[in-house]
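One structure is given here, and the rest of the page talks about it.
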Amino acid sequence: MKKFFAILMAAVLVMTMAACAGEGSNNGSGLNTVEKGVLVMATNAEFPPYEYREGETIVGIDAEIAEAIAKKLGLTLRIEDMEFDSIISAVKGGKADVGLAGMTVTDERLEEVNFSASYATGVQVVIVTEDSKITSVDDLFAEGANHTIGVQLSTTGDIYTTGDIEDAGLGTIERYNKGADAVMALKSGKIDCVVIDNEPAKAFVAANEGLKILETEYITEDYAIAMPKSNTALAEAVDKALQELIADGTVQKIIDKYISAE
Ligand code: ARG
């Protein structure tokens, strides 16, 4: 009986060690994260269908992609919701491991963070009221146009319109913390239009009567994951995981779940 127990204990020990080794090759693949075993994602959950709240939970394309990446790396995902304007500094300052926020790759941001491969395309579009005199994007750049344009603070919509329109003396930019607040201002007649990414634009127009999206587009851009420049091992692991999820169709499946093809 004693012998049997000894053998049993030995077997349990070997099995436990094997399990630990298995875990170690995932979780402990040397990945240094803000918190051990956790992938901290910084986002701004005001951007349907990429990230938004369903009750208390943050859902959306980015949340699901991050979840799939974390799983591949043997990490648990934790999402931190913050102002869009704070995401880059959170990633840069060691408060978050990744930033997923329908974030466009720009040269300025590349000076602050690394970006993964691109996983989606975004288009800056213009939302107007149905009876608006603005009928095409070009109307915003017309001599003497002088429109008041709403954007979400620090987004590419802000950056482009500031350069193309405000700095050129062709109009005024109103910057809001949330895209939805800009849309509310448009509805109540405080501003003339909103420049924002196409997918949230569709969601906001669907949720608010009397608004439409202009057919002409402002600019097309690439969304990618922001990562700290200081942690190249993590950046490489996240990028590799993402590329695999793109290659095996997982990313497309997640996108299709939230965006119906027209
Ligand atoms: N694509 C735009 C940018 O990178 C807007 C992203 C806004 N994202 C958000 N989660 N609010 O600037």
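Basis for what follows: all heavy atoms, side chains included, without hydrogens, waters or symmetry-related copies. Whatever order the structure lists ligands and atoms in, that order sets their numbers, starting from 1.
Tyr223 and Asp62 form no side-chain donor-acceptor contact under 3.5 Å, judged by distance and modelled atom types alone. Neither side chain, Arg109 nor Thr104, offers a donor N or O lying under 3.5 Å from an acceptor on the other. Using modelled atom types and a 3.5 Å distance limit, the side chains of Ser154 and Asp158 yield no donor-acceptor pair.
Geometrically, ligand 1 and Thr43 share no nitrogen or oxygen pair separated by less than 3.5 Å. Checked by distance only, ligand 1 and Thr156 come closer than 3.5 Å through their nitrogen or oxygen atoms. Between Thr155 and ligand 1, not a single N/O pair is under 3.5 Å apart. Considering backbone and side-chain atoms together, Ala101 places an N or O closer than 3.5 Å to an N or O of ligand 1.
Comparing Pro200, Ala224, Gly102, Gly99 by heavy-atom distance to atom 6 (C) of ligand 1, the nearest is Gly102.
Only the side chain of Glu51 comes within contact range of ligand 1, with a heavy atom under 4.0 Å; no backbone atom does. The proximity of Tyr223 to ligand 1, defined as any non-hydrogen pair under 4.0 Å, is limited to the side chain. If you look at Asp197 next to ligand 1, the close heavy atoms, those under 4.0 Å, all belong to the side chain. The proximity of Arg109 to ligand 1, defined as any non-hydrogen pair under 4.0 Å, is limited to the side chain.
Here Phe84 and Tyr176 keep their ring centres 6.0 angstrom or further from each other.
Distances below 4.0 Å separate heavy atoms of Glu221 from the following atoms of ligand 1: 1 (N). The ligand atoms of ligand 1 that sit less than 4.0 angstrom from a heavy atom of Gln152 are 7 (C), 11 (N).
For atom 11 (N) of ligand 1, the nearest protein heavy atom (residue, atom name, distance) is Asn44 OD1, 2.8 Å. Given atom 7 (C) of ligand 1, the protein heavy atom at minimum distance is Phe47 CE1, 3.3 Å.
Other residues, nucleotides and ligands contribute at most 12 non-hydrogen atoms within 6.0 Å of the CD atom of Glu209.
Using a 4.0 Å cutoff on heavy atoms, Gly122 does not count as a contact of ligand 1.
Under the 4.5 Å side-chain heavy-atom criterion for grouping Ile, Leu, Val, Met, Phe, Trp and Tyr, Val183 is not connected to Ile134 through any hydrophobic cluster.
Between Tyr218 and Tyr160, the ring planes are tilted. Angles from 30° to 60° get that label.
To the nearest 0.5 Å, atom OG of residue Ser116 and atom CD of residue Gln243 are 8.0 Å apart. Atoms CE and NZ, on Met184 and Lys178 in that order, are 11.0 Å from each other to the nearest 0.5 Å.
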